[in-house]
Amino acid sequence: MKRTPINELLKSTDLGKEINVKGWVRTKRGNKSVAFINLNDGSIIHGIQIVADLTNFDENLMKLITTGSCISVNGTLVQSQGQGQAVEIQATHIEVYGSADAELYPLQKKGHTLEFLREIAHLRPRTNTFGAVLRIRHAMAFAIHKYFNDHGFYYIHTPIITGSDAEGAGAMFRVTTLDPINPPKNDKGEVNYEEDFFGKETNLTVSGQLEGELAALALSKIYTFGPTFRAENSNTARHLAEFWMIEPEVAFNDLVDNMDLAEDFLKYLIQYALEHCNDDLEFLTKMYDNELLSRLRFVVENHFERLTYTEAVEILKTTDHKFEFPVDWGADLQSEHERYLVEKHFKRPVILTHYPKEIKAFYMKQSEDGKTVKAMDVLFPGIGEIIGGSQREEDYEKLHTRILEMGIHEKDLWWYLETRKYGTCPHAGFGLGFERLILFVTGMGNIRDVIPFPRTPKNAEF
RNA sequence: UCUUCCUUAGCUCAGUUGGUUAGAGCAUUUGACUGUUAAUCAAAGGGUCCCUGGUUCGAGCCCAGGAGGGAGAGCCA
């Protein structure tokens, strides 16, 4: 008999129908004559109740059906006699695919701490929490592609191995096939990367933006969505060494267009989650964050506050609120400053623009005032910076001068500069941290709990 | 990397002034119960007190070093 997913069975009204269901046992309880098995197959957060009349089942078979075991059940879909569920399965035959030793299986019927579940990341997808997070993660990935496809963007695959470190976005992981014990040396006694696989030093990408710009200056509207690697020794609830990033880049867009895109895009994604992930969001709201659903709705329904860095500094300087770090024009804002603006002052998402050029990347469009660049950071409550982007400097001379000023090796960027030499145009884009989006949408507190197998300093298990 | 807190049973945690045989709840096992919902009730089993060294008649507890984890910060997405 063909398996029916549990999400279909739970909404079925086809009482009396013979069905087959397969999944993993969450709990088993009962007495001498009847057993109740809560079975989950990951198709939905809810399990279906299997009722086994023990006069029909061998005692030894029933002993194998433990928390964590995997079974296949044939039976009849019936109206439930008990409270708590509309329908249940009256079992006629049960096959055990794999038992799970109850003395050893680490997942219990009771709740576990998220820290403990991180240590058993190979089993945590079987929990309600991670099932919900992973289904939402999928829905967001799908919605990202759908949004861009529906808006005329093309998905570009930028390289994961890169030969330049000029992007300046952070420390990089080296990629090499050289012998780590006895690498070939050159005349100066340095490692000779000319003998390495690519004939030069290579690293894992820290951003697909520069290559994304090349594609945007041909296809007009593009986006990337791929893994990104940062070798920073960051130990926080918001950083990973390996994470996924979405980077749209649009020719002919200016900073305002860029902000409009970022706001519309984020609201679309959150709205998509509200419409397609309701069961999972309700579970997370109930178990972890009472205000999750109302916060998501609030973000969708209200405009993002837009102001310049200079205006933000004025607000921070005139408030009575005491900060640990001083606020001064020219210095980057501290986390506490961003949090104050988002969570206390405006109480909504904030887009800050026109930062001092000294604290931003070389490729950002220089403003007419000569002091700021057309950068934008989208700040979210509880997350901080969820998007960072800018209009790009399309003027060859200005860009070239800025590269020299910042001491960047121009020979690594000849190809990037050529786009400004041949048919340059105004363009803008941004980067959205996928896991930070998932943090916000799920209400989880630690970024290690929104990616299946987190990579962080001192941790690459699984 | 910095600040700070933590590490005791499978899990979550108590553990007094340094003192005999280290505790609880849950989980597990066994038993009771003819419809349970994290079932309930009863009993039992279960310990490298993170590691190394030191102080002491005696260390889960005090000291030093190390490892791992949490929270906050920096860097950023």
Side-chain angles (χ1 to χ4, degrees), chain A residues 26-38 46-55 63 66-68 78-85 88 90 100-120 128 167-171 206-209 227-247 262 287 323-325 331-339 359-361 377-380 383-389 430-440 445-451 456-459 461:
Chain A
R26 288 291 171 75
T27 65
K28 184 180 76 170
R29 50 182 178 268
N31 53 44
K32 215 183 274 182
S33 61
V34 63
F36 302 95
I37 299 163
N38 186 277
H46 307 297
I48 195 160
Q49 174 155 278
I50 310 294
V51 184
D53 183 341
L54 294 184
T55 56
K63 278 190 174 170
T66 54
T67 295
V78 297
Q79 190 166 19
S80 179
Q81 296 173 34
Q83 302 291 311
Q85 59 278 318
E88 62 192 22
Q90 193 71 48
D101 188 335
E103 299 267 15
L104 301 175
Y105 186 63
L107 289 171
Q108 302 169 2
K109 302 175 183 183
K110 304 281 182 179
H112 292 287
T113 61
L114 294 169
E115 289 81 8
F116 173 67
L117 292 176
R118 263 172 235 153
E119 295 170 11
I120 53 166
N128 285 334
E167 288 145 20
V206 292
S207 166
Q209 179 201 316
T228 308
F229 307 88
R230 303 271 168 92
E232 302 285 359
N233 190 10
S234 295
N235 293 287
T236 80
R238 299 181 307 283
H239 289 86
L240 291 166
E242 175 183 293
F243 63 100
W244 291 68
M245 188 153 66
I246 300 99
E247 295 177 288
M287 299 302 288
F323 296 112
E324 188 184 345
F325 295 94
D332 212 352
L333 299 180
Q334 303 287 321
S335 286
E336 58 172 343
H337 303 143
E338 296 179 348
R339 292 183 69 111
I359 59 172
K360 288 292 183 183
D377 281 2
V378 180
L379 308 179
F380 261 35
I383 311 288
E385 183 183 346
I386 195 169
I387 277 179
F430 60 80
L432 167 67
F434 186 55
E435 282 75 19
R436 289 195 180 168
L437 171 74
I438 307 302
L439 267 184
F440 183 76
N446 193 309
I447 203 163
R448 299 174 181 108
D449 298 328
V450 299
I451 188 168
T456 52
K458 298 278 187 291
N459 183 15
E461 191 67 52

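Proteins come first, then strands; the chains are lettered A, B, ... in the order of their sequence lines, and each starts at number 1. Owing to the predicted nature of the structure, the values given are computational and were not obtained by experimental measurement.
Here the straight-line distance linking atom CZ of A:F36 with atom CG of A:N31 works out to 7.0 Å at 0.5 Å rounding.
For B:rA38, the OP1/OP2 oxygens have no side-chain nitrogen or oxygen of A:R26 closer than 4.0 Å. For A:K32 and B:rC33, the shortest distance from a side-chain N or O to OP1 or OP2 is below 4.0 Å. A close approach under 4.0 Å does not occur between any side-chain nitrogen or oxygen of A:T236 and OP1 or OP2 of B:rA73.
For A:R118, the side-chain atoms get nearest to B:rG70 when compared with the rest of B:rG70, B:rU36, B:rU28. The side chain of A:H239 lies closest to B:rC75 when the candidates are B:rU28, B:rG74, B:rC75. Of the candidates B:rC33, B:rC75, B:rU1, B:rU1 carries the atom nearest the A:N235 side chain, counting heavy atoms from C-beta on. Taking the side chain of A:E385 as heavy atoms from C-beta on, and the options B:rA77, B:rU34, B:rA71, the nearest nucleotide is B:rA77. Taking the side chain of A:D332 as heavy atoms from C-beta on, and the options B:rC76, B:rC33, B:rA73, the nearest nucleotide is B:rC76. Of the candidate nucleotides B:rG35, B:rG70, B:rC76, B:rG35 has the atom nearest to the side chain of A:Q81. Here B:rU30 is the nucleotide among B:rU36, B:rU34, B:rU30 with the atom lying nearest to any side-chain atom of A:K63. Distance from the side chain of A:R238 is smallest for B:rA73 among the nucleotides B:rG70, B:rA73, B:rU34.
B:rG35: no Watson-Crick or G-U partner with both key distances under 3.5 Å is found in any strand. Under the Watson-Crick and G-U wobble criteria, each requiring two contacts below 3.5 Å, nucleotide B:rU12 is paired to B:rA24. Nucleotide B:rU29 is matched to B:rA43 when pairs are restricted to Watson-Crick or G-U wobble geometry with both distances under 3.5 angstrom. Pairing of B:rC62, defined by two Watson-Crick or G-U wobble distances under 3.5 Å, is identified with B:rG54. The nucleotide B:rG68 finds its pairing partner in B:rC6, both defining distances of the Watson-Crick or G-U wobble pair being shorter than 3.5 Å. Figure legend. B:rC76 is base-paired to no nucleotide; pairs are counted as Watson-Crick or G-U wobble with both atom distances under 3.5 Å.
Spacing of P atoms, B:rU12 relative to B:rG31, comes out at 30 Å, to the nearest Å.
With rounding to whole Å, A:L333 atom CG is found 11 Å from B:rC75 atom P. Going from atom CG of A:D53 over to atom C1' of B:rU36 covers 14 Å, rounded to whole Å. Separating the CZ atom of A:F325 from the P atom of B:rU3 is a distance of 14 Å, rounded to the nearest angstrom. Note: CZ (A:F434) to P (B:rC76) measures 23 Å, nearest angstrom. Between the CD1 atom of A:I438 and the C1' atom of B:rA77 there is a distance of 13 Å, rounded to whole Å. Atom CD1 in A:I383 sits roughly 14 Å away from atom C1' in B:rC76 (whole-Å rounding).
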Practice problem: Kindly determine whether A:Q108 and A:T67 satisfy side chain to side chain donor-acceptor pair (under 3.5 Å), including the steps that lead there. | Solution: CA-CA 7 Å; A:Q108 302 169 2; A:T67 295; over 6 Å; no

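For the 3.5 Å distance criterion, the side chains of A:T228 and A:R230 fail to qualify, holding no donor opposite an acceptor. Under the 3.5 Å distance criterion, with hydrogens and angles disregarded, no donor-acceptor pair is assigned to the side chains of A:R118 and A:N459.
If you check every strand for non-hydrogen atoms under 4.0 Å, A:L437 touches nothing. Residue A:S80 is classed as a base contact, given a heavy-atom separation below 4.0 Å to a base. Using a 4.0 Å heavy-atom cutoff across all strands shown, A:E338 reaches no nucleic acid atom at all. Within 4.0 Å (heavy atoms only), A:E242 reaches no atom of the nucleic acid at all. Counting any heavy atom pair closer than 4.0 Å across all strands shown, A:Q85 reaches a base atom. Residue contacts shown for A:Q49 include a base, since a base heavy atom lies under 4.0 Å away.
Counting atom types as modelled, A:S234 pairs no side-chain N or O with a base atom of B:rC76 as donor and acceptor under 3.5 Å. For A:R29 against B:rA38, a side-chain-to-base donor-acceptor contact under 3.5 Å is absent.
Crowding of A:E115 atom CD: a count of heavy atoms from other residues, nucleotides or ligands under 6.0 Å exceeding 12.
For the residue pair A:F229 and A:E242, the shortest heavy atom distance occurs at CE2-OE1, 3.4 Å.
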Give me, pair by pair, the N or O atoms of the protein and of nucleotides 10-15 of chain B that are less than 3.5 Å apart, along with how far apart they are.
from, atom 1, to, atom 2, distance (Å)
B:rG10, N2, A:Q108, OE1, 3.3
B:rG10, N2, A:Q108, NE2, 2.8
B:rG10, N3, A:Q108, NE2, 3.1
B:rU12, OP1, A:T113, OG1, 3.1

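Nearest-nucleotide assignment on RNA chain B puts the 5′-proximal partner with A:N233, out of A:L432 and A:N233. Nucleotides of RNA chain B nearest to A:M245 and A:R339 differ in position, and the one nearer the 5' end is that of A:R339.
Stacking is not found between A:F36 and the pyrimidine-like six-membered ring of the B:rG35 base under the 5.5 Å centre-distance and 30° plane-angle cut-offs.
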